[in-house]
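Each remark here refers to the structure printed beneath this line.
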Amino acid sequence: MPKFYLTTAIDYSNGDPHLGHALEKVGADCIARYRRLRGDDVWFLMGMDEHSQAVLQAAEQNRVTPTAWVDRMAATFEDYWRRLECSNDDWIRTTEPRHHRGTTALLEQIARANPDDLFVGEYEGLYCFGCEEFKQPAQIVNGHCIEHPTLELVPTKERNHFFRLSRYRDRLLELIRSGEFRVEPAIRRNEIVRLLEDGLQDISVSRYRQQWGIPFPGDPEQTVYVWFDALINYLSATGYPEPGYERLWPADLHVVGKGITRFHCVIWPAMLLSAGIALPREVWAHGYVQWEGTKMSKSAGTAVSLGEAIDRHGPDALRYFLLREVGFEADGNFTWDRFDERYTADLADGFGNLASRALAMLAKYRDGVVPADTTATSLDRDGTATVAAYGRAMDAFDLRGGAEAAWDLVAKANLYIQQVAPWALAKAGKEVELDAALGTLARVLHRLAVLSSPFIPGKAQVLWQSLGFPAEELGRAWGGLARPPVAGRATNKPEVLFPKPTSV
Ligand SMILES: [Zn+2]
């Protein structure tokens, strides 16, 4: 089985998760579930970034210790990710001993392999506490950080340890241009290539006397810069530096937001090159969830409650909406109206109605048992074409394209019912034709349960079991999509998958 190690960005512990966090986690989860379906040995990592100065401030404001605060935040985030059906295999927190060990070990490995890459210097610049980053002129608009227009930039000057990032510019350009280190989508790759072409400055990788963080190896007055520390989580979660960490490393895919590509596509691979460790194979940088045209974020004051969004139509509906409407590539808009429209059209009237009509007819005309017909109808051919289109899209992390392919088949199946009119076949006593129609519908439901499962895992499982299959077989069902083995299955009518909203 090919191994597939994928990660999401780890989140700051300074406020509740919002829809922006949710898009990233749900998108990565969709990819993890799809790769498992295809037979990969998936390892899916999520976690928390707990060393930022914002944590200290939040803990102080809430009159608790930083440890108590990050414990509380980790529990809150994890609870949301469980509600959203995230299937991560591991959950790393940067305050864990395994991460301290990994961070210290990586810095020591850099110091051994390329002693000139770490040096002491003075840093003077404008620091954004929202990003935990010194800002370059190009990242400042009207005196504020682009990502945090409501925060003040703080002039900061201190003696720090530096990393010789500039040394890796040519090598990174070559690796990215050749595709050996993939940065996707292309718009993000082009941004990174331009940034590299403009040249790289060496970066400060420690802060002076910070209470909350990992001590810099060999210099306890300095603390490892929080971003440098955070990036290493992907490696420390593999067990690095213990032998055997290469079972997972290198990562096959880092899923991150478009605002942090400089860290993941420049600084992180340069750190690994310096240490002599293999680079991740790919970084996928998704866009932002926008609310009336503005980025969803705590500091911008536009956050919609994630809990409210989950409760509105259930977790599957939110997952579907984020991936289908907002999308996993460019920025996309979230509005309640659009969410309600998609819910009603695609899920209640589309997917749910198809399942309920087809299963009701199987119950009515064949006591729920799928007839053993051997025909291949036009809808069977549509199903085969859909599986191919879906696979192409999902292999390219085009999650919207994958959802479109599956829901296009839903529309075709609902149309098929109208055109073939099984009730008329029953009335006319055309039993062979009725068998073919009911068999075709059971096959399309089987395919849809499988194809929709990375998007709407909960409801896909309900449909799957309604078709008479054991729960645990859904994850291994890809091989059966060519001709779904539904003949003779005892089906039953499920609960209404997506109830029509009463007060929307
Ligand atoms: Zn900022």
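In each ligand, atom 1 is the first atom listed, and ligand 1 is the first ligand listed. Only heavy atoms go into these numbers, but all of them, side chains included; no hydrogens, no water, no symmetry mates.
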Does the pair Y80 and H21 meet the rule for a ring-ring contact (aromatic ring centres under 6.0 Å, His included), with working shown?
-> CA-CA 10 Å; Y80 275 108; H21 298 101; 9.7 Å; no
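- Residue pairs satisfying the salt bridge (charged side-chain N to carboxylate O under 4.0 Å, His left out) criterion with at least one member in residues 220-238, sequence neighbours excluded, are listed as follows: R209-E221.
- Between F328 and H286, the angle of the ring planes stays under 30°, which puts this pair in the parallel group of the 30/60° scheme.
- Smallest separation of non-hydrogen atoms from L6 and A28: CD1-O, 3.6 Å.
- In this structure, R171 has no side-chain hydrogen bond (donor to acceptor under 3.5 Å, both in side chains) partners at least two apart in sequence or on a different chain.
- Listed by first and then second residue, the salt bridge (charged side-chain N to carboxylate O under 4.0 Å, His left out) pairs involving residues 102-126 are D117-R167 (not counting sequence neighbours).
- Protein nitrogen, oxygen and sulfur atoms, that is N, O or S, within less than 2.8 Å of the Zn ion (ligand 1) amount to 4.
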